[in-house]
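Atom set for the values below is all heavy atoms of this structure, side chains included, hydrogens, waters and symmetry mates excluded.
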Amino acid sequence: MAEPMICAALQPVICGFINETGVPAATAKRFSSFACIKSNHKLLRKARENLQATRKVVQGQVDLETNHLNECDPRVNLWLRRVASVRVDSIDQEYDRLMQSSWLCRSILGLGKRYRLGKHIVQMLENIAELIEEGNQFKTFASKRLPDFVEERPRTQTFGIKPVLRDLWKSFERTDVSIIGVWGPGGVGKTTLLNNFNNELKARGRDYQVVIMIEVSNSRTLNKTAIQRTITDRLGLPWDDRETEEARARFLMKALNRKRFVILLDDVWNKFQLEDVGIPTPDSDSKSKLILTSRNVDACYQMGAQQSLIKMQYLEKEAAWELFRSNLSTQAITAIDSTGPNNVVKEYADAIVQSCGGLPLALKVIGSAVAGLTAPRDWILAMQATKHDIKDLDGIPEMFHKLKYSYDKLTPTQQQCFLYCTLFPEYGSISKDQLVEYWMAEELIPQDPNRGHRIISRLLSACLLESCGSDSEVKMHHMIRHLGLSLAVQQKIVVKAGMSLEKAPPHREWRTARRISLMYNDIRDLGLSPECKDLVTLLVQNNPHLDRLSPTFFQSMYALKVLDLSHTRITELPFCSTLAKLKYLNLSHTFIERLPEEFWMLKKLRHLDLSVTKALKETLDNCSKLYKLRVLNLFRSNYGIRDVNDLNIDSLRELEFLGITIYAEDVLKKLTNTHPLAKSTQRLSLRHCEQMQSIQISDFTHMVQLRELYVGSCLDLIQLIADQDKGRASCLEVLTLAKLPALQIIHIGSSPHHFRNLLEITVSHCQKLHDITWVLKLDALEKLSICHCHELEQVVQETINEVDNRRGGIERGTIQRYGRINGSSEEQETHGMVEDANNGHVNGYQNKTENEWIKGTHHVDFPKLRTMVLTDLPKLTTICNPRDFPSLEMIRVEGCPRLTTLPLGQMYDCPKLKQICGSYDWWEKLEWNVKEIMENKYFIPIRDGD
């Protein structure tokens, strides 16, 4: 230990000598590093600790900035890497070895190691000092991160979204489309669609410089600041709270105009000016794109998406099942998939999925609520809850909260009109006209049907109602109806529609009710006298066994305005003076025999429906005293006008709709000859008009609103003429010809004729008709029903050459030649039809270029025919020759034993076909080479009497 002690003693002496003698600095530095190695090593340890402390400060500031999604300053990042590269462990180890085994004067080799180590220590000290000084000088540690051109959205498993995503890409890639609208009900998956499209843009949207997704509906009113903040952040621009929205909008407009952008606006409620938030309106010149989603189709139109609009539909059954199962536990899936003989869980789960109606939000929420169920009893309780008490399932209140946004956007009047729709049973359709009449009677809207239909359009565009197959009806989605029912309770609305009730609700449910719906039940007796002074609407229709009302049933209904007793078996209406406020009364399809003597006291009555009252004998002239009547419907009633002098309702000055039954030809002539009632006649029934041999539709010219004509039991009628319409277009939409044993001729003139707008025809018990070929002239026809015409042999009488001529003069042999592809076999043709049938088309082949050219040269018969019903036609052998049926959805055949072919051929299209209904015996006798293929997809067996 003597040598280290001597070295330590000499060290300060040598260092002092160097400083006093004035040796050159470089030499002094080298000698100092050699002589003062120990003190330098101590300094190195301290410097290293200081450097680590400085590094912690810098790294802390960097972490703070990066937590705010800022990007580390490149200079700071470089400094941190340099600090990380500083290694002093090897110096420490070499120093320790030198101090333990070396003596200053032992050898030349030891002195060399000491010299080199000392020099290394001094150099490291200088480097660390430089790093510390540099680290202490940092003022900025990070900068705002430059945004990616696409900010990826959360990825979730999707079901059934690929078809609409493909449609969106097709629209997006069109050069003539700059604004695209996607609309659909809440919870249908619009946001999921945008998220997926946004993420796909990362790979497919390299032509664009920035993609910005903005959630618009943060509140009821447009939050311009939030939208501008999103755009500013995505562009990496500075934000200044002191700027006004207008100034910021101008700045953002300039910034976006320099870029090719894609902006995705999610959940747009109302129209707003893009420029007001700083978004330039994209056009073909800028090549930028705007895609918006909304629950309201009108908002899409108003935002400029007229050229490209995509509706998101509810999920099909298969996709709905997949989404539902994805939310279930393994145990629940095992219970569903069990193959045991008594497994009913699958049946209950299927009912639950159906109750969701393909709404993804409902499938997720309800799937999660039943995720752990395994026992059949638990599943049946869940199924019952989805039908009646859905609000008790977990997650349903939150789902209703999301769906309720659409309701909240309505005006108070529109909200009341929406809640009125919940009075109807689920899964059924609702007549638009009936809805509007109810609303007007309850004074929800003024006496203006157009106003009511505009509200229906508003509810349709907001996806709170849905369209049906018919333009005259709407329906309500199951989940939307449950939302409405949850809100209806607060409005004192009692809904018992379609619940198979056999008795009326107890007295307590009547006391505070404002509206009550008992329609579509099996109530047989309303023998109670309920206390319900606040009741405004009572709907009891379609209780087919209801035949009695208590004589005092209406005694406390002072506020009642709407009363519907249609489609019941009541024979009389117990009159009560408390019904003085009644405005709507429907007694159609009942067995009522006469109106009460005091009926004239209902002075506020505006709508009276007595149609198809087959037992009504007299009205005691009461109708003529109801001066405020706007609607009077006696169409197809047993009570009708038999004498010219009985046509005495001229006093009804406000009458807009008249449905009337006439029993004499001279009465018809008086009514049609500019009688004041002619202009309001919309439904006309001609019955038992003796000696009337001909009807000329042109004689009804003054009935400018006539929409339905029923001609029945006119035993002498030989001909019906709908000649050329040279005046204003006829409004006639529905025609029924029933029990006309002498009818032989139905003549339709050249177009435009009086039947040009005919939508529906029923021909019944017309025994002298052998065919009704004239229906080929009815381009608007949607439904054709023929029944009990025992001499009818063909619906349309034609030869194959007539078909050829309509197809552009192509001869029969040519058509047969096109029946196969390149001489393919019948087996190959059938295989082609299998593929097309699986795609929902009745078609023979895929390559139809020449066939499509042929179609382009001819007039398509039955262009709008949707339904064809043929019943009890014993001699019918042919409907018509095979042809295109572009709109046909359903064919029903009963009691037609000789009909062994259908007019659906391999080279003809029937793309919308859904059902072919008939008996098994009839189906087996069909001579059709692809019958087996069609049976699996379209055939629905029916029993006699169904």
Side-chain angles (χ1 to χ4, degrees), residues 153-162 184-193 195-196 199 312-407 422 426-427 476-489 495 498-500:
R153 305 289 293 181
R155 293 183 178 271
T156 56
Q157 190 176 10
T158 59
F159 301 88
I161 205 172
K162 289 183 179 178
V188 80
K190 299 184 295 297
T191 301
T192 302
L193 175 72
N195 283 341
N196 278 265
N199 294 344
M312 287 202 68
Q313 306 287 352
Y314 297 108
L315 295 182
E316 297 291 341
K317 184 176 181 180
E318 184 178 345
W321 253 109
E322 291 178 0
L323 176 54
F324 179 74
R325 287 170 66 96
S326 71
N327 289 277
L328 301 180
S329 65
T330 304
Q331 294 83 355
I333 293 175
T334 301
I336 291 174
D337 294 341
S338 173
T339 57
N342 298 318
N343 181 28
V344 292
V345 173
K346 174 71 164 62
E347 177 184 343
Y348 300 146
D350 185 60
I352 291 173
V353 171
Q354 287 185 9
S355 72
C356 294
L359 183 66
L361 177 61
L363 289 161
K364 291 177 185 177
V365 171
I366 295 179
S368 298
V370 301
L373 303 185
T374 55
R377 176 174 174 77
D378 294 334
W379 276 99
I380 193 172
L381 290 175
M383 179 195 70
Q384 291 171 346
T386 59
K387 287 186 175 182
H388 307 299
D389 301 313
I390 192 172
K391 62 181 181 299
D392 296 332
L393 292 175
D394 291 341
I396 294 299
E398 292 80 5
M399 182 184 77
F400 280 172
H401 180 69
K402 292 181 180 179
L403 295 178
K404 188 172 174 284
Y405 290 157
S406 298
Y407 171 84
T422 62
E426 61 182 342
Y427 303 122
M476 183 177 278
H477 188 276
H478 180 68
M479 288 299 158
I480 298 297
R481 183 173 184 270
H482 272 293
L483 167 66
L485 290 175
S486 69
L487 300 170
V489 174
V495 182
M499 297 180 66
S500 302

Visitor: Hey, what do you get for NE2 (His401) to CD (Glu398), rounding to the nearest 0.5 Å?
Guide: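 Atom-to-atom, His401:NE2 and Glu398:CD are 9.0 Å apart.
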
Visitor: From Tyr407 OH over to Leu483 CG, what is the distance, rounded to the nearest 0.5 angstrom?
Guide: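 Output value for this atom pair is 8.5 Å.
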
Visitor: Pairs of donor and acceptor atoms involving the side chains of residues 349-363, under 3.5 Å and at least two apart or interchain, shall be tabulated with distances.
Guide:
from	atom 1	to	atom 2	distance (Å)
Asp350	OD1	Trp321	NE1	3.2
Asp350	OD2	Gln354	NE2	3.2
Ser355	OG	Ile352	O	2.5

Visitor: Would you say NZ of Lys346 has more than 12 non-hydrogen atoms from neighbouring residues, nucleotides or ligands within 6.0 angstrom?
Guide: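 Above 12, so yes.
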
Visitor: Flag yes if more than 12 heavy atoms outside Glu316 fall under 6.0 Å of its CD atom; otherwise flag no.
Guide: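 No, the 6.0 Å shell around CD holds no more than 12 heavy atoms from other groups.
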
Visitor: Write down the atom of Phe324, the atom of Gly367, and the distance for their closest heavy-atom approach.
Guide: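 Here Phe324 and Gly367 meet closest at CE1-CA, 3.6 Å.
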
Visitor: Could you work out, with ring-ring contact (aromatic ring centres under 6.0 Å, His included) as the rule, every residue matching Phe159, not counting sequence neighbours?
Guide: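 Listed in chain order: nothing, the list is empty.
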
Visitor: For the CD1 atom of Ile366 and the CE atom of Met479, what is their distance to the nearest 0.5 Å?
Guide: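 Between atom CD1 of Ile366 and atom CE of Met479 there are 3.5 Å.
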
Visitor: Would you mind telling me which of Ile480, Ile390, Thr422 makes a side chain to side chain contact (heavy atoms under 4.5 Å, CB included) with Leu485?
Guide: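 That would be Thr422; it is the only one of Ile480, Ile390, Thr422 passing the side chain to side chain contact (heavy atoms under 4.5 Å, CB included) with Leu485.
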
Visitor: Please round to the nearest 0.5 Å and tell me the distance separating atom CD1 of Ile161 and atom OG1 of Thr156.
Guide: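 One gets 8.0 Å once the value is rounded to the nearest 0.5 Å.
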
Visitor: Please report the closest heavy-atom contact between Val370 and Ala382, naming both atoms and the distance.
Guide: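 Looking at all heavy atoms of both residues, the closest pair is CG1-CB, 3.8 Å.
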
Visitor: State the CD-NE2 distance between Glu426 and His477, to the nearest 0.5 angstrom.
Guide: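 Going from the CD atom of Glu426 to the NE2 atom of His477 covers 11.0 Å.
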
Visitor: Show your working on side chain to side chain contact (heavy atoms under 4.5 Å, CB included) between Glu347 and Trp379 and close with a plain yes or no.
Guide: CA-CA 9 Å; Glu347 177 184 343; Trp379 276 99; over 6 Å; no

Visitor: Which pairs with one or both residues in residues 359-374 pass side-chain hydrogen bond (donor to acceptor under 3.5 Å, both in side chains), sequence neighbours excluded?
Guide: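 Qualifying pairs: none.
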
Visitor: Tell me whether Asn199 contacts the main-chain N or O of Arg153 through its side chain, where contact means a donor paired with an acceptor under 3.5 Å.
Guide: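 Judged by distance alone, yes, a pair lies under 3.5 Å.
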
Visitor: Looking at Lys190 and Gly184, would you say the former's side chain and the latter's main chain have a donor-acceptor pair under 3.5 Å?
Guide: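 Pair found, side chain donor or acceptor close to backbone of Gly184.
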
Visitor: Between atom CD of Gln331 and atom CG of Leu373, what is the distance when rounded to the nearest 0.5 Å?
Guide: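 Reported to 0.5 Å precision, the distance equals 11.5 Å.
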
Visitor: For Met383, does its backbone N or O pair with a side-chain atom of Thr386 as donor and acceptor, under 3.5 Å?
Guide: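 Such a contact is found between Thr386 side chain and Met383 backbone.
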
Visitor: Which pair of non-hydrogen atoms, one from Ala371 and one from Ser329, has the smallest distance, and what is that distance?
Guide: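 Residues Ala371 and Ser329, closest heavy atoms: O-OG, 2.6 Å.
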
Visitor: Would Arg325 and Asp337 count as a side chain to side chain contact (heavy atoms under 4.5 Å, CB included) if you check the C-alpha gap in whole Å, the side-chain angles of each, and the deciding distance to 0.1 Å?
Guide: CA-CA 11 Å; Arg325 287 170 66 96; Asp337 294 341; 2.8 Å; yes

Visitor: State whether the side chain of Thr334 and the backbone N or O of Thr330 hold a donor-acceptor pair below 3.5 Å, judged by distance alone.
Guide: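 Checking the backbone N and O of Thr330 against the side chain of Thr334, a donor-acceptor pair under 3.5 Å is found.
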
